[in-house]
Peer 1: 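Let me begin by handing over the structure; questions about it come next.
Scope of the values below: all heavy atoms of this structure, side chains included, with no hydrogens, waters or symmetry mates.
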Amino acid sequence: TPQRLHAPLPNLAAWVAHFRAAPIPVMVGTAAAIGELIDHEDAVDAHTIAESIGADPLMTLKLLSHVGTVSRRETDVETVTAALVLMGVGPFFRTFSSLLTIEDLLGDMPEALAGARAVIGRAHRAAHFALGFAAQRGDPDAAVLHEAALLHDFAELLLWCHAPGLAQEIARRQEADATLRSADAQQAVLGIDLADLQQALMKAWRLPALLIRLGDDHHA
């Protein structure tokens, strides 16, 4: 289990380096689903795996960051299914056969676990609405829009997982002051804006350019 952060890091570069080195946990249901699929590796394909993991923002991030970091490609791999096709079923299972879960990290901190799960619930609602609007408009990038909404707050989710005390302090300040903006609370507690951290991580992990653009709150 990785060591938790209890104090803010000195600057954005330090935050980026820390989270690039830290493991990305997944939802416990995702780990269980992958464990079951491994037993039937010869009978599953990329679409089957995508259906099992595509609702998990952290597993989505874990897969896309892995592909972005290690693969040599000329075009962006923008969806979970495309990333799985590029990797192949066998290599996927070998790479992700042993997964750290959010519950592994936060089992001793129920309030922090609830905070992480709340972010995941918000991500699910956002992705559901994004997909609905995209489908209504007949948008050819519907799958990417769904993914962008799902990943929109992944930096906050990683903070709950690896620096739960700091995440709780941000939440406490906002509960005490309903007018306090998230960015201001983050700046006060962390010394950075999580939106800037998220953009920097997406670029460092070579995530698809469209996902980076859709996730940039400074250019909404």
Peer 1: Does this structure show an ion pair linking Arg172 with Glu111, if we count only N-O contacts that are shorter than 4.0 Å?
Peer 2: no
Peer 1: Please evaluate residues Val89 and Leu84 with respect to the criterion side-chain contact (heavy atoms from CB on, under 4.5 Å), reporting the C-alpha separation (whole Å), side-chain torsions for both, the decisive distance (0.1 Å), and the verdict.
Peer 2: CA-CA 7 Å; Val89 171; Leu84 289 164; over 6 Å; no
Peer 1: Following the transitive rule for hydrophobic clusters with a side-chain heavy-atom cut-off under 4.5 Å over Ile, Leu, Val, Met, Phe, Trp and Tyr, establish whether Phe154 and Leu12 coincide in one cluster.
Peer 2: yes
Peer 1: Which atoms form the tightest heavy-atom contact between Gln186 and Asp193, and what is the distance?
Peer 2: OE1-OD1, 3.2 Å
Peer 1: Donor-acceptor pair, distance only, cut-off 3.5 Å: does the side chain of His162 make one with the backbone of Pro23?
Peer 2: yes
Peer 1: Is it true that Ile49 and Leu86 fall in one hydrophobic cluster, defined by side-chain heavy atoms closer than 4.5 Å?
Peer 2: yes
Peer 1: Is Glu103 reaching over with its side chain to a backbone N or O of Gly107, donor-acceptor style, under 3.5 angstrom?
Peer 2: no
Peer 1: Can you check side-chain contact (heavy atoms from CB on, under 4.5 Å) on His66 and Trp205, steps first, answer last?
Peer 2: CA-CA 8 Å; His66 174 79; Trp205 282 324; over 6 Å; no
Peer 1: How close do Pro57 and Ala123 get, heavy atom to heavy atom, and via which atoms?
Peer 2: CG-CB, 4.5 Å
Peer 1: Out of curiosity, Leu151 CG to Ile212 CD1, how far, rounded to the nearest 0.5 Å?
Peer 2: 11.5 Å
Peer 1: Would you check if Ser52 and Ile34 make a side-chain contact, meaning some heavy-atom pair closer than 4.5 Å?
Peer 2: no
Peer 1: Cluster question for you: counting only ILVMFWY and a side-chain heavy-atom cut-off of under 4.5 Å, with indirect links fine, are Leu150 and Leu201 together?
Peer 2: no
Peer 1: Walk me through it: do Met109 and Arg4 pass the test side-chain contact (heavy atoms from CB on, under 4.5 Å)?
Peer 2: CA-CA 12 Å; Met109 296 187 67; Arg4 289 170 179 160; 3.4 Å; yes
Peer 1: Answer yes or no: is there a side-chain heavy-atom contact under 4.5 Å between Leu58 and Pro25?
Peer 2: yes
Peer 1: Do the non-hydrogen side-chain atoms of Arg206 and Ser65 ever get within less than 4.5 Å of each other?
Peer 2: no
Peer 1: Write down the atom of Ser182, the atom of Gln174, and the distance for their closest heavy-atom approach.
Peer 2: OG-NE2, 3.2 Å
Peer 1: Using 0.5 Å steps for rounding, measure from the CG atom of Leu194 to the CG atom of Leu158.
Peer 2: 9.5 Å
Peer 1: Could you tell me if Thr79 and Glu147 have a donor-acceptor pair between their side chains, going purely by distance under 3.5 Å?
Peer 2: no
Peer 1: Between CG of Leu157 and CG of Leu61, what distance do you get to the nearest 0.5 Å?
Peer 2: 9.0 Å
Peer 1: Output, in order, the C-alpha distance, side-chain angles, deciding distance and verdict of salt bridge (charged side-chain N to carboxylate O under 4.0 Å, His left out) for Lys203 and Asp216.
Peer 2: CA-CA 11 Å; Lys203 292 172 183 175; Asp216 189 353; over 6 Å; no
Peer 1: CE of Met59 to CD1 of Ile24: how many Å apart, nearest 0.5 Å?
Peer 2: 9.0 Å
Peer 1: Do the charged groups of Glu41 and Arg94 touch, with an N to O distance under 4.0 Å?
Peer 2: no
Peer 1: Is there a donor-acceptor pair under 3.5 Å between the side chain of Asn11 and the backbone N or O of Ala14?
Peer 2: yes
Peer 1: Of all the heavy-atom pairs spanning Gln198 and Ala155, show the shortest one and how long it is.
Peer 2: OE1-N, 2.8 Å
Peer 1: Do side-chain atoms of Asp141 reach the backbone of Val144 as a donor and acceptor pair under 3.5 angstrom?
Peer 2: no
Peer 1: Which atom names give the shortest non-hydrogen contact between Ala188 and Arg173, and what distance separates them?
Peer 2: CB-NH1, 3.4 Å
Peer 1: Find out if a path of hydrophobic residues (ILVMFWY) with successive side-chain heavy-atom gaps under 4.5 Å connects Leu63 to Ile38.
Peer 2: yes
Peer 1: Measure the CG-CD1 distance between Leu159 and Ile170 for me, rounded to the nearest 0.5 Å.
Peer 2: 5.5 Å
Peer 1: Assign the ring pair Phe92 / Phe96 to parallel, tilted or perpendicular, where the plane angle (0 to 90°) is split at 30° and 60°.
Peer 2: tilted
Peer 1: As a test of understanding, state which of Leu211, Asp139, Leu131 forms a side-chain contact (heavy atoms from CB on, under 4.5 Å) with Leu145.
Peer 2: Asp139
Peer 1: Are Ile192 and Leu9 packed together at the side-chain level, in the sense that at least one heavy-atom pair is separated by less than 4.5 angstrom?
Peer 2: no
Peer 1: Find out if a path of hydrophobic residues (ILVMFWY) with successive side-chain heavy-atom gaps under 4.5 Å connects Val85 to Leu210.
Peer 2: no
Peer 1: In sequence, state the C-alpha distance, the side-chain angles, and the governing distance for Thr101 and Met27, and then conclude on side-chain contact (heavy atoms from CB on, under 4.5 Å).
Peer 2: CA-CA 6 Å; Thr101 69; Met27 296 166 60; over 6 Å; no
